[in-house]
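In this text the structure is predicted, and so the values were computed from the model without any measurement. Start at 1 with the first residue, then count along the sequence. Every heavy atom of this structure was used, including side-chain atoms; hydrogens, water molecules and symmetry mates were not.
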Amino acid sequence: MTKSIILGLITALAGLCIGIFPFGVSLEEETGLSLLFRLRGERKSPRDVVVVSIDKRSSDALGLKSDPRKWSRTLHGELIDRIMDAGASGIAFDIFFEEPRPGREDQIFADAVSRSGRVILCQRLLAERSAIPDGSDIYTERLVAPVPALEKAAFAMAPFPMPKVALSVIRSWMFKTGAGDAPTLPIVSFQFFALDAYEDFVAMLRKTGAAVSSDLPADRSSVMKRGELVSAIQEIRTAFERDPVLEIKMSLLLDRDYRGDTKKKQLISSLVSMYSGDSRKYLNFYGPSGSIPTIPYDQMLGRGKSSLETAPDLKGKMVFVGFSELYQPDQRDTFFTVFSQKDGRDISGIELAATQFANLLEDMPVKPLSFGIYVVLLLCWGLVVGITCRMLLPAVSGLAAAGAAALYLLFAYLQFRTSGTWYPVLVPVFIQPTIAFVGAVIWRYADANRERRNIRNAFGFYLPGDVVDRLAKNMTGLRTDSKVVQGVCLYTDAEGYTSLAETMDSEKLGQHMNQYYEMVFGPIKEHGGTISNVVGDSVLALWLGTEPDKKRLARACSAALEISSQMLSFADKVAGSFQMPTRIGVHAGQIMLGNVGAADHFEYRPVGDIVNATTRLDGLNKLLATRVLISETVAEHLDGFVVRDVGIFLMKGKALPMKVYELVCRKKNAAEHAQQACEAFSEALSFFRQGQWEEAKKRFSAYRKAFGEDGPACFYLDLCGRYLNNPPAGQWDGVIRMDFK
């Protein structure tokens, strides 16, 4: 667990370092946020914001120059009248009018602006460089107002600073700190749009004890008469900057006092969000260019072939007027965003202003997590992923890491889609799981190498090197406790060894047995087995691993068949030797490997039920006159071998019966009648298990006539005869109970 926690801490700290440094932040903004936008796709914009686009198709329809900046300003005056007649709440121009025009153009335009009383014009923001005595330069920003007639006629003016070059836009200014904390065009437009809730908002502000002067206009009419919208916005913004918890106070009052008036509550909530927090906020885009409802300039004027017969219904809506082309070759004043199209179409500046306004209206800009929550999230997530990957096996940990990352991404997507909340994606989904998984694999590899060295050093006195490499991964150091591994146990016993030992002198017996062992050890080692114990004529071999493996079973069975085959011709192969047919048992499962002994003498060997059961199988060979018997655990996972079910036996000293199979041969070496013989034997055995002794006896007799003398068939013929005369007591379950080991 300690190692898992360490890897979790490494993953957490690595993710945090990447996530909080400028490079990581930029990567998260450019890649992570873009991914969330692409997963979410387009979404519908609020109905209360509309764009009137100044574009090439409008200039063609109106028969004007292709550069809209040279159009007569009397057209803009006519446009204002047309928009106001359609019932618009207000108009915001993202066009600069600081250059005067000859004649009465400016005055006609100014008269229309003044008549409406609802027009907000854009100020140009200029950066100026000044030299100071120490030789360095300082940069200041200055607002340039429209021509005097328009400046006087406008209800309010505001800048709309955006990048000057075509780079990715993800945030926009709410308040331009370099220009005296001036509110930008979308902010002024929204505060104007929300004047219906202004009086309640200011009253609530004063109720919280916020530091606002008595000169702050208290109601809508005061703002409209005195034209002090921008100064009021700046004073309210200052109050929020002075009191970091003012947002919380306002939200609590809002929840308490505005339970019924949903629209006004929404406006006030949006105003609270607008004035609080960073001076720059992330834009929650609605889609590519044209996602916000757009009316071409010529249609709004009611001119041109495709013009509208009647003015559109703009009642209660905020209208943004500016350059907006839907065709890439004609685009100007555009910016690259996540929704920029493959053909080069970007989003225009006026659409960005309308997007920011719409975000305020919904109170749903992209809201990143606070720094504190961001740090805690990366730390906790890294800790969880790191611990999980270290505790699980590599294959499982990879799937677990990928699954956890997918679930996190789904959660982040749902939060982004429903509330605009931006959970970091790049670090938690891609970087931290990768660090955790790779770290876990490398650590396990290092542990495995270290454990092999430790085991080799500790057990070098007990076992050869190839045995040590197959010990359980978690065994480190010489200890008296045992470790569990997965393995196959093969036990051999030479027939007639006791009689041979009685008749042969010790020296010749030793030579004879060495030759015997050489022929037994050869197939075992050739098929990857390990000699664990040699006692008298018996050999215990192991195939070890950390997980069950079919190939391991096949290797053990191949070794068993080769040993059995070689021992039948032992006397022929080794001069001066006697035949030593060998009985073999094979079983598989969890094996306990441990130090057995006391005081100053220990032996490292396998112990437990698997070993005991294997020796019982070896002994059962004697009763059935077979050579190789295997357990059901081995047989059911074998491919490429012919096996024969020889019954279910309850060995002496065992609580549970075992289904036993004879390992006949490899399928590729099987005689033509081998499979037919197994099937015939299985049919006879099925009658025996059903307690039909007479029918079983007939079947086994027929089997002997068809396929010759056979140890298991003789065993069952004898047993059927006995059961016919003396049936087993109790309810017959097909289990043969043995009274010897």
Side-chain angles (χ1 to χ4, degrees), residues 45-50 83-84 87-93 116-121 154-158 160 172-175 182-208 210 212 216-240 246-247 249-251 253-255 257-277 279 281 283-284 292 314-320 353-365 420:
S45 65
R47 59 180 300 274
D48 291 329
V49 56
V50 174
I83 291 174
M84 296 312 298
S89 174
I91 307 171
F93 277 87
S116 72
R118 297 172 177 270
V119 175
I120 301 170
L121 298 180
F155 178 77
M157 295 178 296
F160 186 50
S172 65
W173 289 98
M174 307 282 284
F175 298 89
T184 58
L185 185 68
I187 304 306
V188 175
S189 300
F190 184 73
Q191 179 61 87
F192 172 77
F193 182 84
L195 282 178
D196 287 343
Y198 177 82
E199 183 175 343
D200 297 85
F201 177 76
V202 172
M204 188 183 302
L205 192 64
R206 295 187 189 279
K207 191 180 294 186
T208 63
V212 293
L216 179 68
D219 52 39
R220 173 192 176 99
S221 60
S222 299
V223 176
M224 296 292 288
K225 289 178 182 178
R226 293 157 57 183
E228 297 181 359
L229 181 62
V230 173
S231 61
I233 292 173
Q234 289 176 316
E235 183 170 353
I236 295 171
R237 169 65 175 176
T238 302
F240 273 84
L246 185 54
E247 178 185 7
K249 295 177 183 178
M250 293 284 284
S251 298
L253 284 176
L254 185 62
D255 291 336
D257 298 341
Y258 289 89
R259 297 180 180 176
D261 195 338
T262 305
K263 182 178 180 181
K264 186 171 287 187
K265 181 178 180 179
Q266 176 63 46
L267 286 174
I268 295 174
S269 176
S270 296
L271 288 171
V272 171
S273 298
M274 182 180 81
Y275 283 112
S276 58
S279 60
K281 291 190 187 261
L283 291 166
N284 194 346
I292 293 178
L314 300 178
K315 187 175 181 180
K317 299 180 181 181
M318 191 70 193
V319 179
F320 287 82
T355 296
Q356 189 172 9
F357 176 91
N359 290 170
L360 292 169
L361 188 61
E362 293 182 306
D363 190 17
M364 196 173 167

Notebook entry, point to check: Among all residues two or more places apart in sequence or in another chain, which pass the side chain to side chain contact (heavy atoms under 4.5 Å, CB included) test with Glu362?
Noted result: Arg43, Pro46, Tyr286, Met364
Checklist line | Close side-chain approach of Val212 and Glu235, heavy atoms under 4.5 Å | finding: yes
Notebook entry, point to check: Using 4.0 Å as the upper bound for N to carboxylate O, is an ion pair formed by Lys264 and Asp196?
Noted result: no
Notebook entry, point to check: Does a side-chain heavy-atom distance below 4.5 Å link Leu216 with Arg206?
Noted result: yes
Item checked: Residue that, paired with Ser45, satisfies side-chain contact (heavy atoms from CB on, under 4.5 Å) out of Leu361, Val50, Ile292 -> Ile292
Checklist line | CG on Asp363 to CD1 on Ile268, rounded to 0.5 Å | finding: 12.0 Å
Next item on the list: Given side-chain hydrogen bond (donor to acceptor under 3.5 Å, both in side chains), test Gln266 with Ser270 step by step and report yes or no.
Entry: CA-CA 6 Å; Gln266 176 63 46; Ser270 296; 3.2 Å; yes
Next item on the list: Hey, could you give me the CZ/NZ distance between Phe193 and Lys317, rounded to the nearest 0.5 Å?
Entry: 10.5 Å
Note to self: Using only atom types and a distance under 3.5 Å, with no angle test, would you say the side chain of Thr184 pairs donor to acceptor with the backbone of Trp173?
What the structure shows: yes
Item checked: Step-by-step side chain to side chain contact (heavy atoms under 4.5 Å, CB included) determination, Ile233 to Phe175 -> CA-CA 10 Å; Ile233 292 173; Phe175 298 89; 3.7 Å; yes
Next item on the list: Please round to the nearest 0.5 Å and tell me the distance separating atom NZ of Lys281 and atom CD of Gln356.
Entry: 9.5 Å
Item checked: Reported CG-to-CG distance for the pair Leu253 and Asp200, which is rounded to 0.5 angstrom -> 12.0 Å
Notebook entry, point to check: Quick one: does Ser251's side chain have a donor or acceptor within less than 3.5 Å of a partner on Glu247's backbone?
Noted result: yes
Checklist line | Heavy-atom donor-acceptor pair, Arg118 side chain to Ser89 backbone, under 3.5 Å | finding: yes
Checklist line | Qualifying residues under side chain to side chain contact (heavy atoms under 4.5 Å, CB included), relative to Ser189, sequence neighbours excluded | finding: Ala92, Ile120, Leu185, Met318, Phe320, Phe357
Note to self: Quick check against the 3.5 Å criterion: does Tyr198 have a side-chain atom that pairs as donor or acceptor with the backbone of Val223?
What the structure shows: no
Next item on the list: Verify side chain to side chain contact (heavy atoms under 4.5 Å, CB included) between Phe190 and Met174, making sure each step is shown before the conclusion.
Entry: CA-CA 11 Å; Phe190 184 73; Met174 307 282 284; over 6 Å; no
Next item on the list: Measure the CZ-CG distance between Phe240 and Leu246 for me, rounded to the nearest 0.5 Å.
Entry: 4.0 Å
Next item on the list: Walk me through it: do Ile91 and Phe192 pass the test side chain to side chain contact (heavy atoms under 4.5 Å, CB included)?
Entry: CA-CA 10 Å; Ile91 307 171; Phe192 172 77; over 6 Å; no
Margin query: What I'd like to find out is whether the side chain of Leu195 reaches to under 4.5 Å of the side chain of Leu229, using heavy atoms alone.
Written below: yes
Notebook entry, point to check: Taking it one step at a time, do Leu360 and Ile187 satisfy side chain to side chain contact (heavy atoms under 4.5 Å, CB included)?
Noted result: CA-CA 8 Å; Leu360 292 169; Ile187 304 306; 3.7 Å; yes
